[in-house]
Asker: 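My questions will all concern the structure given below.
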Amino acid sequence: METKETVTETNNENKAVSNFIRFIIDRDLESGKHTGVVTRFPPEPNGYLHIGHAKSICLNFGLARDYKGRCHLRFDDTNPVKEDVEYVDSIMDDVRWLGFDWQDHLYYASDYFEKLYGFAEYLIEQGKAFVCDLSFDELRAYRGTLTVPGKNSPYRDRSIEENLRLFRAMRDGEYPDGSHSLRAKIDMNSPNLNMRDPVIYRIKKTQHHRTGSIWQIYPMYDYTHCISDALEGITHSICTLEFEDHRPLYDWFLDQLPIPCHPQQIEFARLNLSYTVMSKRLLLELVTTGLVKGWDDPRMPTIAGMRRRGFTASAIREFADRIGVAKASSMVDDELLMFCVREDLNKSALRTMVVMNPIKLTITNYAEDKTEELEADNNPEDESAGKRMVKFSRNLLIEREDFSENPPKGWFRLGLNNEVRLKHAYYIKCYEAVKDEQGEIIELLCTYDPESRGGGTEDGRKVKGTLHWVSAPHAVPVELRLYDRLFTMLDMSAIEEGKSYKDYLNPDSLIINKHAMAEATLRDVKVGERFQFLRQGYFSVDADSEAGKPVFNRIITLKDRWLAKAGKQ
Ligand code: ATP
Ligand code: MG
């Protein structure tokens with residue numbers, strides 16, 4: 001099963017790389033504006049978390065950890081139409097899996113509905129909010145555009161008493177959805193559209209996953225978010241850049257209301273990753289239309305998908321550290337994420353041998369009834385990983401691609417009459433390739449050198465090629481699921497006109513291999529265990545495995561496209 005990974009100062013190597021947010025916090029602590037740091041991660045429970053959220057989680061919880069403060073997990077559950085407990089549960093699961101802990105600080109914006117309502121009446125009493133009867137379309141028309149100023153609502157000058165009466169009637173369910181709204185009274189001429197008398201409450205006669213049918217009206221995000229932050233004593237409210245234009249509104253609400261706390265909103269650039277999409281709407285569509293097998297499909301950029309695929313939490317945290325935090329929007333190369341995963345697995349994954357595309361290899365000078373147990377190290381990078389015994393016999397399987405009858409120049413693998421090493425075993429030489437009637441090679445006849453046990457000889461002669469193999473009578477058939485990028489286009493925000501993201505789905509994003517054969521030691525693996533299949537890549541045991549019938553996800557290949565691109569390999 002999953003091993004629990006926790007963030008400690010040491011496994012994170014204390015790489016508190018400075019960034020502009022840390023700079024602001026340091027300044028606030030020095031000046032005495034704050035004595036500690038309180039951050040929050042505020043997901044809306046309308047989908048599963050993705051790698052972009054992981055960036056935000058690592059940032060917010062990471063700051064709390066480094067400044068010995070705290071980070072709240074707060075569900076921003078103000079839209080009952082799209083939200084669901086399934087999402088709440090998955091989000092908590094994913095944050096924990098990433099190695100973070102909100103301790104006692106789990107909150108729901110819906111816990112504040114009563115208070116938010118009270119503050120709305122307060123705004124009405126102060127003449128700062130009014131009930132508006134404009135329809136959704138009229139609201140939009142009155143709002144104006146960046147170049148055209150807005151128009152005051154004809155309902156803007158209602159008396160405080162009338163506003164209170166109407167707002168209470170809205171609350172009591174006397175009006176249908178969309179017929180009335182409560183709006184802040186700010187400035188229809190503001191160059192900032194968010195300040196043009198924004199809606200703060202709308203009528204929605206929908207069951208809420210936590211408050212049931214108590215409420216017929218729901219507060220808007222901008223209104224709810226700043227108040228929730230202030231009620232919880234958040235010091236630094238970190239969000240993505242698209243909220244920069246909402247900051248004046250965030251501040252306006254807190255300036256009007258009698259709450260003795262005013263957090264600072266700080267914006268940073270969201271993560272964009274190449275060859276994938278991160279819009280929750282599109283991710284949901286991929287799931288509901290069956291284009292992927294679920295939110296945890298290993299091709300999805302979701303945390304649940306990456307986790308099922310076999311990515312480690314520490315690799316994702318390392319990725320978040322490496323990409324850093326900036327103000328400017330950019331596209332991160334997905335190979336950087338892969339690089340972090342590979343680096344981490346190289347240290348921890350146990351080595352094993354699996355032949356993906358087998359061909360028979362018979363060692364004709366090896367006794368028919370003999371079986372040997374050969375010692376193999378589990379991880380050359382980590383001696384404490386120990387050794388295992390691998391069965392060897394006369395009848396082996398190797399990769400079909402590892403033999404060539406007419407080898408190209410520089411071929412180190414098996415050919416006729418050239419010697420190669422079988423990993424952890426012996427030197428062998430092939431003397432005949434047996435063919436079927438169609439001329440297809442079906443078996444390789446070889447001899448072995450008994451003196452080369454363990455992969456070396458006294459005479460010190462060198463062989464260049466080393467092949468992985470399995471013993472045919474002992475091998476276990478396994479299913480391999482080989483993943484590639486879900487999309488074929490680097491920048492999925494640059495979809496051509498008239499096309500949809502579906503036109504860019506990679507038809508080869510999942511290839512299933514049902515003829516692979518594995519070392520006998522892989523018969524009894526546990527879901528979530530990770531291995532390096534020698535020369536093939538890193539694999540994890542999928543939840544679809546049955547006793548004695550393992551299913552493996554390829555987490556990643558061995559070849560590093562990122563280092564290669566960076567000119568480092
Ligand atoms: P939407 O609001 O459209 O449903 P969202 O991606 O903003 O989608 P939220 O649940 O509101 O989803 O996000 C929770 C937090 O994660 C927010 O603070 C948001 O800024 C942050 N976040 C979301 N996407 C990214 C991303 N790609 N990179 C960094 N942070 C992100
Ligand atoms: Mg959001």
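First listed ligand is number 1; within each ligand, the first listed atom is number 1. Sequence positions, counted from 1, serve as the residue numbers for this chain. These values consider heavy atoms only, across backbone and side chains, with no hydrogens, waters or symmetry-generated copies.
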Asker: Which one of E86, K280, M300 satisfies the side-chain contact (heavy atoms from CB on, under 4.5 Å) criterion with Y48?
Answerer: E86
Asker: Is the shortest N/O to N/O distance between L271 and ligand 1 below 3.5 Å?
Answerer: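 N/O-N/O distance below 3.5 Å exists for this pair.
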Asker: Quick one about N506 and D508 (side-chain donor to acceptor, distance below 3.5 Å, no hydrogens or angles considered), yes or no?
Answerer: no
Asker: Walk me through it: do Y250 and D229 pass the test side-chain hydrogen bond (donor to acceptor under 3.5 Å, both in side chains)?
Answerer: CA-CA 10 Å; Y250 184 105; D229 279 351; 2.7 Å; yes
Asker: Counting only nitrogen or oxygen atoms and a 3.5 angstrom limit, does K280 reach ligand 1?
Answerer: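 K280 vs ligand 1: N/O contact under 3.5 Å present.
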Asker: Please list, in number order, the atoms of ligand 1 under 4.0 Å from a heavy atom of S56.
Answerer: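 In order of numbering, the contacting atoms are 16 (O), 21 (C), 30 (N).
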Asker: Got an N/O contact under 3.5 Å between T240 and ligand 1?
Answerer: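 Yes.
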Asker: Start with the C-alpha gap between D177 and K205, add the side-chain angles, then the distance that decides, and say whether salt bridge (charged side-chain N to carboxylate O under 4.0 Å, His left out) holds.
Answerer: CA-CA 7 Å; D177 286 16; K205 301 199 167 180; 5.7 Å; no
Asker: Below 4.0 Å from ligand 1: does a non-hydrogen atom of Y221 turn up there or not?
Answerer: no
Asker: Quick check on the 6.0 Å ring-centre criterion: do F253 and Y223 meet it?
Answerer: yes
Asker: With heavy-atom distances below 4.0 Å as the criterion, list the atoms of ligand 1 near E44.
Answerer: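 This gives 4 (O), 9 (P), 10 (O) as the contact atoms.
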Asker: With a heavy-atom distance limit of 4.0 Å, tell me whether R270 approaches ligand 1 through its side chain, its backbone, both, or neither.
Answerer: both
Asker: One residue to check: F41. Relative to ligand 1, which of side chain, backbone, both or neither has a non-hydrogen atom less than 4.0 Å away?
Answerer: side chain
Asker: Is the terminal nitrogen or CZ of R74 (NZ for Lys, CZ for Arg) located under 6.0 angstrom from the six-membered ring centre of Y107 and within 45° of that ring's axis?
Answerer: no
Asker: Where on N46 is there a heavy atom closer than 4.0 Å to ligand 1, on the side chain, on the backbone, on both, or on neither?
Answerer: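 Side chain only.
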Asker: Quick check on R281 - does any of its heavy atoms sit under 4.0 Å from an atom of ligand 1?
Answerer: no
Asker: Please say whether the positively charged group of K327, taken as NZ for Lys or CZ for Arg, lies over the ring of F268, i.e. under 6.0 angstrom from the six-membered ring centre and within 45 degrees of the axis.
Answerer: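 No.
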Asker: Specify side chain, backbone, both or neither for S279, according to which of its non-hydrogen atoms lie closer than 4.0 Å to ligand 1.
Answerer: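 The answer is neither; S279 stays 4.0 Å or more away.
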Asker: Establish, for the pair K151 and Y142, whether the NZ or CZ atom is under 6.0 angstrom from the six-membered ring centre and no further than 45 degrees off its axis.
Answerer: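 Pair K151/Y142 counts as cation-pi.
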Asker: Determine, considering heavy atoms only, which of G52, A269, P42 sits nearest to atom 17 (C) of ligand 1.
Answerer: P42
